Amino acid sequence: MPVYAAMPDHDETRSPDDSLGLDVQPTDARGLAHYANIVAALPDRIALVDRSGRLLTANVAFLQSIGRQLDDAIGQPFMSLCGESPLTTLLYHHLSACLDQAQTIVEDWLETREHDEPRQHEVRLLPCRDAQGELVTGIVIEVRDVSAIRDVERRLLQSAAVYAATSEGVLITDPAGIVVAVNTAFTQITGYAESEILGQKPSLLNAQWHSQGFFISLWRRLLRQGAWQGEIWNRRKNGEIYRQRLTIRRVLDQRGRLVNFVGLFAERTASPETPRLAEHLIHYDALTKLPNHLLFESRLEHAIELGRRKESLLALFIVDLDHFSHINSSLGYQIGDDLLRTIGLKLRETIRPSDTLARLRADQFALLFEDIEDSDEVPQIANRLKTLMSKPIWIRGHQLHVSFSAGIALSTELLEDRRALLTNAESALRQVKRRGGNGFQILSSAPEQVAREHLQLLARLRAALGTSEIQLQYRPSMDMSTDGLDAVAVSMHWELPELGLITQERLLALAEESGLILELGDWVLTQACRQVQDWIDRGLTIKRLAIEISEAQLTRGDLARTLAQRLEDYPAVATRLDLEFSERLLVKHREQIAEVFQGLNELGIGICLSEVGIGWTAPALLQRLPIRGLKIHSSFIEALPNAHHELAVVEALIAMAQALGLEISADGVRTKDQQYQLLSIGCLKAQGDLFGEPLSAAQFESWLNPPPALKQPAPLSN
């Protein structure tokens, strides 16, 4: 093949990968020969015509396209070789621009041949100069088949249009799982701007709801099968948890190497543009997305009517979280809101699709179970829910332990209506709360009977104050550094043959309701002081006596005067008495409590703040008040040793107490691990199940001074 006498100008607008390198200037015959061989082997069609449009040379691909041999084609006019084709028209149309103005022309050409599919080509016309690079002596014609490239470009443009316009969120990551692209719908659904998610991992959206095993299974399937599809719970930027339908696919290149993961998801909610939005807002709770009380009562009426027709039972549960306010006050409302959403999800996943779950108010939920086959099924459901709620819940790195109280009403009569069932369930819930919570009660009697029983219990309490029905119990508070007794904590015990144990929480609630709270508090002070005086007179060692004071005693009674009278009767107790006030009382009654504390301090009585950590008390306020010590709330201690947030709170409280010169103790120690951790961070005093459960006066006396022949047993095993 003849070599080119001159080479065309280099097209600077073309990328290096696309260039044929026709601007190379070989300097010897061997170089020209190699260059000619390279051009001849290229799949692109290449030809050189002179200024008159006659063919000077061409490569094999060009000659094959026109069906000619090189010797027959050289010197022939281009039109006689290619006919009146679009390629010929393109060449002659741009002759002047290439030859006279030295322009490079790039055009597309659709080639159609009989019995073949149309092919898309990119035609380049490049000016070819003489050896000195001054005069344009001809035109190099390069024809490249770009059908596959154009098809890919079309697909990419279509994909880009769909990617931008789809209402489904799209997230693309690299092989390491780092986000490299998201679409507009992603930002609208999640609330994260593109700049906030790029460079991050999708775990930023994790709602902390699914177990680690769920994600392990997801990734195994994705890597083995190339795709995963299912429903998942994620979190928006504002903290809201929502449900989405997610599809993840892996993307491989032509060599089978992983290049991307693509996630496509849609929110499992109605579009905000639908006409039903207003109805949705009226009937659904904004926080949990569960039905609210309006929709629930409507469904309850429908279920009652359906139950009448089918003569089937239904059960109504009203569930109230125990001590939920402590979580809000100690960890903040955002954690509390997340906890409510998570509990809603857990309950929803546990019940049948046909059952109804609603959020009535605050931390109160309602569940409606239809088509109950037998009333024995109801306690089974309640126990299943109780087991579910007993498992730790992780919220933003915090391990929370939650218990609940449930009031249950069973529709046993066809004449029962919505209001009767709700009243029964609420009455049952109150019974559980009065017993201290963390349980359930099925109401089998009418509300009127429940009310009568409650009045009878109040009357029984009035009579019990003058008898031995209510007893005091004593619990050791230990110095963990010496394993010695530090203090004796007092609690009340009331057990009735027909009703069983009445918890101290319920007893106090009854006393408050009946107006006996001051009388009950005075009775506790008198009995405890008398007992400790007796122990001291008989030579038993009691360092301190700790008695909890109620809000009513603080605000409505003359506590200092009452204590002055008791200490005259029992003088040995005067230097040993510690009164415990809940930290929330200090916040709620700041002015009044300062006056009371001053009066108690003048009597030599020790003052301790209990349940510390669930409220907020300024260190400056603690400095101004005559407070001896702080007792950390049991919820923080029970979460140890593995809860990092709770440990941080405990460490901060210990540091504050040490800085202010206050004693610090822990409530609720159950295990040796908790004991060792508290000792390691500077808390030396504690009480809890690890050291002993509440004992009667006689039992505690034996624990203090065991018979010589008997070895003192551990109060309670770990």
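Note that the structure is a prediction, hence the values are computed from the model and not measured. All residue numbers refer to positions in the sequence shown, counting from 1.
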Glu651 and Ile681, any side-chain heavy atoms less than 4.5 Å apart: yes

Glu512: what forms a side-chain hydrogen bond (donor to acceptor under 3.5 Å, both in side chains) with it, not counting sequence neighbours? Arg556

Evaluate the side-chain proximity of Thr190 to Asn234: yes if any heavy-atom separation is below 4.5 Å, no if none is. no

Could I get the full list of side-chain hydrogen bond (donor to acceptor under 3.5 Å, both in side chains) partners for Ser403, not counting sequence neighbours? Asp322

Test of understanding: with salt bridge (charged side-chain N to carboxylate O under 4.0 Å, His left out), list the residues that count as partners of Glu602, not counting sequence neighbours. none

Can you find a heavy atom in the side chain of Val319 that is under 4.5 Å from one in the side chain of Gln364? no

How many angstroms lie between atom CD1 of Ile327 and atom CG of Leu321, to the nearest 0.5 angstrom? 7.5 Å

What pair of heavy atoms forms the shortest contact from Asp486 to Met478, and how long is it? CB-C, 3.9 Å

Which residues pass the salt bridge (charged side-chain N to carboxylate O under 4.0 Å, His left out) test with Arg628, not counting sequence neighbours? Asp578

So, do Val649 and Leu331 sit near enough that their side-chain heavy atoms are less than 4.5 Å apart? no

When rounded to the nearest 0.5 angstrom, what distance separates SG in Cys529 from CZ in Arg576? 12.0 Å

Lys/Arg-Asp/Glu bridge criterion (N-O < 4.0 Å) met for Arg530, Asp534: no

Side chains of Asp673 and Thr671: do they bring a donor and an acceptor to under 3.5 Å? no

Apply the test side-chain contact (heavy atoms from CB on, under 4.5 Å) to residues Ile470 and Leu461: give CA-CA distance (whole Å), side-chain angles for both, the deciding distance (0.1 Å), then the verdict. CA-CA 9 Å; Ile470 300 177; Leu461 174 60; 3.7 Å; yes

Could you report the tightest heavy-atom contact between Ala428 and Gly407, atom names first, then the distance? CB-CA, 3.7 Å

Interatomic distance, Ile408 atom CD1 to Leu429 atom CG [nearest 0.5 angstrom]: 10.0 Å

Do Arg475 and Asp689 meet the salt-bridge criterion of a basic N to acidic O distance under 4.0 Å? yes

For Pro694 and Ser491, the nearest pair of non-hydrogen atoms, with its separation, is CB-OG, 4.1 Å

Taking only residues at least two apart or on different chains, which pairs with a member in residues 513-559 satisfy ring pair (Phe, Tyr, Trp, His ring centres under 6.0 Å)? Tyr474-Trp535, Trp535-Phe700

Gln533 and Asp537: side-chain donor and acceptor closer than 3.5 Å? yes

Sort and list the pairs that fulfil salt bridge (Lys or Arg N to Asp or Glu O under 4.0 Å) and have at least one residue in residues 657-669, not counting sequence neighbours. Arg544-Glu663, Glu663-Lys685

dist Leu367:CG -> Leu385:CG (nearest 0.5 Å) comes out at 6.5 Å

Do Ile632 and Val650 make a side-chain contact, defined as non-hydrogen atoms from C-beta onward lying under 4.5 Å apart? yes

All side-chain hydrogen bond (donor to acceptor under 3.5 Å, both in side chains) counterparts of Gln553, not counting sequence neighbours: Ser550

Point-to-point distance, once rounded to the nearest 0.5 Å, from CG of Leu472 to CD1 of Ile547: 8.0 Å

To the nearest 0.5 Å, what is the distance between CZ on Phe365 and CD1 on Ile343? 6.0 Å

Does any part of the side chain of Leu603, heavy atoms only, come nearer than 4.5 Å to the side chain of Asn601, both counted from C-beta? no

Shortest non-hydrogen pair, Glu469 vs Ala464, comes out as OE1-CB, 3.5 Å

Gln471 side chain to Ser696 main-chain N or O, any donor-acceptor pair under 3.5 Å? no

Sequence neighbours excluded, the answer for ring-ring contact (aromatic ring centres under 6.0 Å, His included) partners of Phe581 is Phe597

Phe404: ring-ring contact (aromatic ring centres under 6.0 Å, His included) partners, not counting sequence neighbours: none

For the side chain of Gln592 and the backbone of Thr555, is there at least one donor-acceptor N/O pair under 3.5 Å apart? yes

Donor-acceptor contact present, side-chain Gln699 to main-chain Leu695, <3.5 Å: no

Scanning both residues in full, the closest heavy-atom pair of Leu678 with Ala666 reads CD1-CB, 3.8 Å

Is the number of heavy atoms from other residues, nucleotides or ligands under 6.0 Å of Gln200 CD greater than 12? yes

Given Leu690 and Gln675, is the side-chain contact (heavy atoms from CB on, under 4.5 Å) satisfied, shown in steps? CA-CA 9 Å; Leu690 178 64; Gln675 178 186 5; 3.5 Å; yes

Please walk me through it: do Val490 and Gln473 pass side-chain contact (heavy atoms from CB on, under 4.5 Å)? CA-CA 6 Å; Val490 178; Gln473 291 190 328; over 6 Å; no

Show, in sequence, the C-alpha distance, side-chain angles and deciding distance for Leu704 and Thr541, and conclude whether the side-chain contact (heavy atoms from CB on, under 4.5 Å) test is met. CA-CA 8 Å; Leu704 280 173; Thr541 303; over 6 Å; no

Across all chains, not counting sequence neighbours, the salt bridge (charged side-chain N to carboxylate O under 4.0 Å, His left out) partners of Glu580 are Lys631

Which pairs of donor and acceptor atoms, one on a side chain in residues 560-567, lie under 3.5 Å apart (sequence neighbours left out)?
unit_1	atom_1	unit_2	atom_2	d
Arg561	NE	Asp558	OD2	3.4
Thr562	OG1	Asp558	O	3.0
Arg566	NE	Thr526	OG1	2.7
Arg566	NH2	Asp522	OD1	2.8
Arg566	NH2	Asp522	OD2	3.0

Pro476 versus Leu485, closest heavy-atom pair with distance: CB-CD1, 3.6 Å

Residue pair Leu647 / Gln677, side-chain heavy-atom distance below 4.5 Å: yes

Mind checking ring-ring contact (aromatic ring centres under 6.0 Å, His included) for His589 and listing every partner two or more places apart, or none if nothing turns up? none

Given side chains that start at C-beta, do those of Leu579 and Leu525 come closer than 4.5 Å, heavy atoms only? yes

